[in-house]
Amino acid sequence: TTSEAAWDGLCSAAMSAVRLEPGPVPYFVWESVWSRWPNAALANISWQEAFKFIDQLGGTPEDGHVDATEFRTAFGLAGTFLSMFTWCETVRRKEQDEELAWAAVAGGKASLSYAEWKAEVWSKYVPPDGFAKVTADESFVYTDANSDGVISRKEFGNIFETCTPDRTGGPL
């Protein structure tokens with residue numbers, strides 16, 4: 001399934017059910033969208049929490065609607081892990097110490113904005129062995145865990161820890 005097919009099947013159908021034109025999904029319709037998702041019952045978050053999280057994805061401020069760009073970003077987060085993992089391994093091969101790795105990635109800055117992440121970090125990353133690379137937006141949203149618009153050293157550390165040898169079962 002593609003994000004477009006999921007948008008049509010979940011969001012457009014829910015909007016039609018309440019007699020609204022297809023487009024951004026307002027908060028009051030999101031519960032219907034969420035309940036149509038086959039894995040909703042397995043999720044560890046409520047439809048309200050999912051709406052709040054998704055509403056600020058895609059580089060947009062919260063506006064009380066989930067639009068197609070925000071939905072597409074959320075849809076792609078599952079696949080983002082693999083891209084971030086290979087990036088983490090690439091960083092770890094150069095610097096195994098987290099503090100030194102952060103210094104190398106951030107260039108001495110305390111945090112990285114989206115513009116800095118996109119221009120100075122993600123645009124320079126070339127995945128090994130033909131792995132796919134997610135967009136700068138997807139990688140930034142994935143790494144910026146608290147959604148404050150910057151990647152902190154702590155957030156970098158959380159990603160850096162995902163590919164430690166003790167978590168992956170061997171040396172890098």
Side-chain angles (χ1 to χ4, degrees), residues 1-4 6-7 34 37 39-63 66-172:
T1 297
T2 66
S3 63
E4 290 78 14
W7 174 264
W34 188 253
W37 178 47
N39 293 326
L42 303 174
N44 291 326
I45 62 171
S46 68
W47 68 267
Q48 296 96 330
E49 293 167 314
F51 181 88
K52 181 165 178 49
F53 176 73
I54 296 169
D55 187 25
Q56 53 78 42
L57 294 177
T60 61
E62 292 181 48
D63 63 1
V66 169
D67 64 32
T69 300
E70 293 165 333
F71 185 86
R72 185 173 42 254
T73 301
F75 188 88
L77 285 177
T80 303
F81 171 78
L82 183 57
S83 193
M84 294 306 298
F85 184 84
T86 59
W87 174 76
C88 175
E89 286 186 320
T90 301
V91 171
R92 188 172 280 283
R93 281 190 184 99
K94 294 176 185 170
E95 293 292 348
Q96 292 189 1
D97 177 77
E98 182 180 318
E99 189 172 327
L100 294 174
W102 171 251
V105 168
K109 297 177 181 112
S111 61
L112 292 169
S113 69
Y114 172 72
E116 292 167 329
W117 173 262
K118 183 177 180 180
E120 300 169 21
V121 179
W122 205 247
S123 67
K124 296 176 182 175
Y125 167 57
V126 177
D129 303 324
F131 275 99
K133 177 178 166 181
V134 296
T135 66
D137 187 50
E138 290 167 322
S139 65
F140 186 85
V141 166
Y142 188 88
T143 307
D144 182 22
N146 66 1
S147 301
D148 66 352
V150 295
I151 295 175
S152 67
R153 185 185 181 291
K154 181 179 184 217
E155 290 167 326
F156 168 82
N158 290 339
I159 298 298
F160 194 73
E161 287 301 309
T162 65
C163 66
T164 59
D166 58 319
R167 293 189 77 178
T168 61
L172 291 176

Are any side-chain N or O atoms of [X] and backbone N or O atoms of [Y], one a donor and one an acceptor, separated by less than 3.5 Å?
X      : Y      : result
Asp63  : Asp55  : no
Glu161 : Asn158 : no
Ser139 : Ala136 : yes
Glu95  : Arg92  : no
Glu49  : Ser46  : yes
Ser83  : Thr80  : no
Asn146 : Asp148 : yes

With a 4.5 Å cut-off on side-chain heavy atoms, are [Y] and [X] touching?
X      : Y     : result
Lys52  : Gln48 : no
Thr2   : Trp7  : no
Trp102 : Asp97 : no

Counting only heavy atoms not in [X], do more than 12 fall under 6.0 Å of its [atom1]?
X      : atom1 : answer
Lys154 : NZ    : no
Lys109 : NZ    : yes
Glu99  : CD    : no

Trace of the ring-ring contact (aromatic ring centres under 6.0 Å, His included) decision for Trp122 with Tyr125: CA-CA 5 Å; Trp122 205 247; Tyr125 167 57; 5.1 Å; yes
Checking Ile151, Ile159, Val121 against Val105 for side chain to side chain contact (heavy atoms under 4.5 Å, CB included), the one that qualifies is Val121
Residues Phe140 and Gly149: closest non-hydrogen pair is CZ-O, 3.4 Å
Heavy atoms of Phe160 and Ala101 approach each other most closely as CE1-CB, 3.6 Å
Can Ile45 and Trp34 be said to form a side-chain contact (heavy atoms from CB on, under 4.5 Å), step by step? CA-CA 11 Å; Ile45 62 171; Trp34 188 253; 4.1 Å; yes
**Item:** Donor-acceptor pair between Glu70 and Thr73 side chains, under 3.5 angstrom
**Value:** no
_Students often mix this up, so state it plainly: with edges at 30° and 60°, are the rings of Phe156 and Trp87 parallel, tilted or perpendicular?_
perpendicular
